[in-house]
There are 2 protein chains.
Amino acid sequence: MPTIDDVARKAGVSLGTVSNVLNNPEKVKPATRDRVLKIIEETGFHPNLSARNLSRSKTDTIALIYPFSQRRRTEHYYSDFLAGTTDTCFRLNYRLMLSSYPRDVSEKEKLRNYEELTNGSAVDGIVITRTERNDSAIQLLSDRQQKFAALGRCDLPIDFPWVDVDGAKAVREAVHYLYNLGHRRIAYVGTPALFTFSLHRSEGYRTGLEEVGIEFDEDLVILASVAGNEIEAGENGMVGFLKVEAPPSAVIVGGGQLAIGVVNGIEKSGYRVGTDISVISFDDTDWSTHYSPPITTIRQPLYEMGKLVAELLIKSIAGEEPEDHHILLNTELVIRGSCKKV
Amino acid sequence: MPTIDDVARKAGVSLGTVSNVLNNPEKVKPATRDRVLKIIEETGFHPNLSARNLSRSKTDTIALIYPFSQRRRTEHYYSDFLAGTTDTCFRLNYRLMLSSYPRDVSEKEKLRNYEELTNGSAVDGIVITRTERNDSAIQLLSDRQQKFAALGRCDLPIDFPWVDVDGAKAVREAVHYLYNLGHRRIAYVGTPALFTFSLHRSEGYRTGLEEVGIEFDEDLVILASVAGNEIEAGENGMVGFLKVEAPPSAVIVGGGQLAIGVVNGIEKSGYRVGTDISVISFDDTDWSTHYSPPITTIRQPLYEMGKLVAELLIKSIAGEEPEDHHILLNTELVIRGSCKKV
DNA sequence: TTGTACGCGTTATCAT
DNA sequence: ATGATAACGCGTACAA
């Protein structure tokens with residue numbers, strides 16, 4: 001590997017000049033610049049990134065903590081989001097480090113993982129996902145003055161850049177939609193309010209019911225443990241709903257995998273999705289869009305979200321802290337075949 | 001950020017000793033070691049990775065080129081594979097850089113992307129995926145003496161570490177299975193032999209037919225362009241099959257997304273999957289496992305494959321070149337509800 | 001066992 | 001416009 005010294009020598013200039021050719025082209029006379037450039041081309045010189053990073057105290061790298069599920073073939077949550085982030089880094093000349101940790105890891109180990117990442121100045125910033133209401137990772141990063149941006153909000157009194165989707169509004173809209181279709185017994189299957197998105201969705205459900213004047217009935221709500229198998233949980237929950245004397249005619253599901261279970265539950269109970277029980281779920285996956293009937297879903301702009309967090313973070317690293325570094329996006333109710341008039 | 005100097009000063013030793021405490025603990029007397037360790041703990045010192053990388057000429061980082069599809073919600077191909085790689089890096093104390101490039105990029109730009117990655121010694125090695133029969137990226141990396149490992153084989157006369165699945169055998173087994181179920185008109189929907197996996201699967205189809213004594217009929221084969229929409233291609237192909245006078249009673253599909261189209265095509269033509277037309281496809285996705293009927297699939301050990309390539313590459317970086325750095329894994333035919341006796 | 005000094009390849013500052 | 005020279009922070013032979 002040729003170094004900047006080699007280039008300087010061959011071009012008959014000092015290494016400072018070579019550096020300037022690369023980093024401050026306007027500071028060097030066109031003639032010498034061309035000569036140096038030619039030598040660079042010939043020798044195939046490329047600045048060593050470790051040296052460059054060391055010298056600039058900057059790595060042009062951000063990390064993304066992406067907790068893969070251990071279960072085989074689970075929808076790897078939000079891979080469109082990952083695509084958005086990856087593409088954006090590529091476009092903005094940033095490198096993306098993908099970091100993971102086992103999902104069933106203890107809170108403490110999880111935090112250690114974040115710490116490791118902040119140590120040694122290996123990355124300029126971190127993207128975090130699946131924010132919790134009381135997110136210890138956010139607290140940690142904030143304490144350590146690490147630049148970060150999040151997919152999702154957080155209840156902590158900390159100001160940081162985030163991108164989120166208005167999950168409450170999304171579910172409210174779903175309730176209205178079902179109400180207008182004539183449904184009066186609308187169930188909700190979701191996840192407990194540990195994660196902020198879970199909370200928002202549940203709140204949307206309650207608010208929605210209030211708005212249309214349906215009384216909240218806690219027998220129509222199931223919040224499945226995040227730890228367990230979502231598909232089983234959804235199925236069991238739905239089967240339970242359909243056993244009672246006044247079963248729901250529609251169900252809103254606050255999670256993609258849960259919906260698979262819910263649909264299974266409906267079919268195993270001898271009902272048909274859409275025709276007998278209306279279903280609305282989150283996210284356009286291959287499953288939801290190509291199931292028969294295709295599932296009516298609340299679409300989140302995942303790719304866009306990935307793009308935006310990356311942009312927000314990179315801006316923050318560049319020292320820009322735009323006023324609008326809280327981005328709340330709207331979802332879209334995509335009507336397919338799983339909801340019927342009643 | 002405290003430096004190694006700060007620690008040395010506070011501990012009353014030289015910086016060489018501090019370095020040894022970290023990298024060659026046995027070379028330093030327990031007493032001083034403990035003292036230094038305590039200071040390190042107190043000051044929260046962590047070696048700066050850029051400096052460390054520069055000094056060692058090593059980054060403990062590998063890159064993964066992962067061509068995300070631009071289309072929303074398209075098969076994000078093999079995210080289990082990605083999980084395997086990511087987890088393995090985490091476990092082996094390596095960092096993983098995720099790199100992407102637009103799928104519709106020209107061959108030249110694609111290669112430039114690989115070049116960039118090799119420049120500046122930013123990574124110790126590269127994992128490549130979707131190998132082609134005549135893979136220019138492999139040629140490039142080989143020429144540049146870059147360490148790399150691949151998911152998939154390649155026809156080039158280059159020896160490199162790879163992990164692959166025996167796709168030919170997989171499809172042969174599928175043919176046998178259908179034959180034993182009584183099927184004699186077995187169609188194949190796949191992709192053209194640009195990628196090695198496509199070729200292997202197609203070959204397996206032909207070999208399988210030979211083995212059971214069915215004559216190859218090219219009217220029962222469709223190789224969809226990789227560029228287009230797989231779902232549409234599968235659907236059109238299948239609809240075409242079902243229009244001819246002697247339609248197939250079974251179809252093997254050489255790609256996950258294609259199968260969605262094939263199933264659509266069957267249903268739109270008024271037939272029922274399983275009951276009328278048997279279907280075997282690749283990969284256990286949420287769609288294939290939870291469609292009704294659930295699709296009988298050829299399961300690839302994707303997570304395992306991701307784990308193995310990462311291990312292979314990291315070994316190669318460490319200078320180990322094990323004899324068995326060509327790993328061919330078996331698939332598993334997972335029987336569900338989409339194939340019936342005829 | 002411990003300390004010194006140099007090298008790693010850049011960037012950046014400051015004279016010239 | 002260009003050229004020395006000093007950081008940047010760490011690893012490591014080599015000397016003590």
Side-chain angles (χ1 to χ4, degrees), chain A residues 1-40 43-61 93 95 116 118-124 318, chain B residues 1-40 43-61 93 95 116 118-124 318:
Chain A
M1 292 272 109
T3 74
I4 199 170
D5 275 300
D6 302 330
V7 176
R9 206 171 312 120
K10 289 195 184 176
V13 296
S14 82
L15 98 195
T17 304
V18 179
S19 177
N20 274 334
V21 168
L22 260 19
N23 304 303
N24 307 88
E26 73 284 357
K27 285 193 179 176
V28 42
K29 181 164 58 182
T32 49
R33 184 168 59 203
D34 290 346
R35 186 153 42 93
V36 172
L37 245 20
K38 215 182 106 212
I39 304 287
I40 289 182
T43 56
F45 164 76
H46 291 280
N48 178 293
L49 290 184
S50 296
R52 174 175 243 253
N53 292 344
L54 173 59
S55 185
R56 299 190 318 157
S57 306
K58 186 154 182 337
T59 60
D60 294 354
T61 303
N93 263 308
R95 272 152 291 289
E116 300 261 300
T118 66
N119 292 336
S121 311
V123 299
D124 294 343
Chain B
M1 291 271 109
T3 74
I4 200 171
D5 275 300
D6 300 331
V7 175
R9 206 172 312 119
K10 289 196 183 173
V13 296
S14 82
L15 98 196
T17 304
V18 178
S19 177
N20 275 333
V21 168
L22 259 21
N23 304 303
N24 308 88
E26 72 284 357
K27 286 191 177 176
V28 42
K29 182 163 57 181
T32 49
R33 184 168 59 202
D34 290 346
R35 187 153 41 93
V36 171
L37 245 20
K38 214 181 109 212
I39 303 288
I40 289 181
T43 56
F45 165 76
H46 292 281
N48 177 295
L49 289 184
S50 297
R52 173 174 242 253
N53 292 343
L54 174 59
S55 183
R56 299 190 318 156
S57 305
K58 188 158 182 331
T59 59
D60 294 354
T61 303
N93 263 308
R95 273 151 290 291
E116 300 261 298
T118 67
N119 293 336
S121 311
V123 299
D124 294 343

(Q) Generate the contact string for nucleotides 3-16 of chain D. Rules: B means base contact, S means sugar-phosphate contact only, - means no protein heavy atom under 4.0 Å. (A) B-B--BBBBB----
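Expressed to the nearest 0.5 Å, how far CG of L15(B) lies from OG1 of T3(B) amounts to 8.0 Å.
With sequence neighbours excluded, the residues forming a side-chain hydrogen bond (donor to acceptor under 3.5 Å, both in side chains) with T59(A) are D124(A), listed by chain and number. The side-chain hydrogen bond (donor to acceptor under 3.5 Å, both in side chains) search around T118(B) returns R144(B), not counting sequence neighbours. Under the side-chain contact (heavy atoms from CB on, under 4.5 Å) criterion, A122(A) pairs with L49(B), not counting sequence neighbours. Among residues two or more places apart in sequence or in another chain, the side-chain hydrogen bond (donor to acceptor under 3.5 Å, both in side chains) test is passed with D60(B) by R56(B), K58(B). Not counting sequence neighbours, the partners of R52(A) by the side-chain hydrogen bond (donor to acceptor under 3.5 Å, both in side chains) test are N23(A).
Among residue pairs with one or both ends in residues 16-33 of chain B, none qualify as salt bridge (charged side-chain N to carboxylate O under 4.0 Å, His left out); sequence neighbours excluded. Within the structure, salt bridge (charged side-chain N to carboxylate O under 4.0 Å, His left out) contacts touching residues 4-18 of chain A (residues at least two apart or in different chains) are D6(A)-R9(A).
Of all the heavy atoms in F45(B) and L22(B), the pair that sits closest is CE2-CD2, 3.7 Å. Considering every non-hydrogen atom in both V13(B) and V36(B), the closest pair reads CG2-CG2, 4.0 Å.
Comparing the start and finish of the helix from dT1(C)-dA16(D) to dT16(C)-dA1(D), five pairs each, the helix axis swings through 40°, to the nearest 10 degrees.
Interface limits on DNA chain C: the 5'-most and 3'-most nucleotides within less than 4.0 Å of chain B heavy atoms are dT1(C) to dG9(C).
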